[in-house]
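Take a look at the structure below.
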Amino acid sequence: MLRATGRMFGTWLRVTLLLGLAVIVVGWIWGFGTGPFVVAVVVAIAVELLALRGLAREWVFEARGHWWWL
């Protein structure tokens with residue numbers, strides 16, 4: 001279970017870092033106070049929430065296979 005938790009945390013960290021980098025790049029290209037930057041932030045938040053939801057579902061599915069989580 002610890003291995004599954006580590007894998008989920010690593011995946012979440014990679015997704016978060018890539019989304020943050022994408023938002024920073026959009027801010028550098030179009031400016032931090034413009035419409036495309038706001039759209040990039042909103043999209044990054046939505047993708048982050050979807051990724052968290054999917055990772056939580058996968059973790060719960062993995063946890064059901066271990067007797068101490070039943």
Original post:
Any idea which heavy atoms bring V26 and P36 closest together, and the distance?
Top reply: CG1-O, 3.7 Å
Original post:
Quick one: do I45 and F32 end up in the same hydrophobic cluster if we chain Ile, Leu, Val, Met, Phe, Trp and Tyr together by side-chain heavy atoms under 4.5 Å apart?
Top reply: yes
Original post:
Do you reckon V43 sits in the same ILVMFWY cluster as L19, going by side-chain contacts under 4.5 Å, direct or chained?
Top reply: yes
Original post:
Between CZ of R3 and CD of E62, what distance do you get to the nearest 0.5 Å?
Top reply: 8.0 Å
**OP:** Would you mind reporting whether L21 and L17 have side-chain heavy atoms less than 4.5 Å apart?
**Re:** no
**OP:** Please answer: with hydrophobic residues joined when any side-chain heavy atoms are less than 4.5 Å apart, are L55 and V60 in the same cluster?
**Re:** yes
Original post:
Are L18 and L13 connected, step by step, through hydrophobic side chains (Ile, Leu, Val, Met, Phe, Trp, Tyr) whose heavy atoms are closer than 4.5 Å?
Top reply: no
**OP:** Treat each ILVMFWY residue as a node, draw an edge where side-chain heavy atoms are under 4.5 Å apart, and state whether W28 and F37 are in one component.
**Re:** yes
Subject >> Gap separating the OG1 atom of T11 from the CG atom of L52, nearest 0.5 angstrom >> reply: 11.5 Å
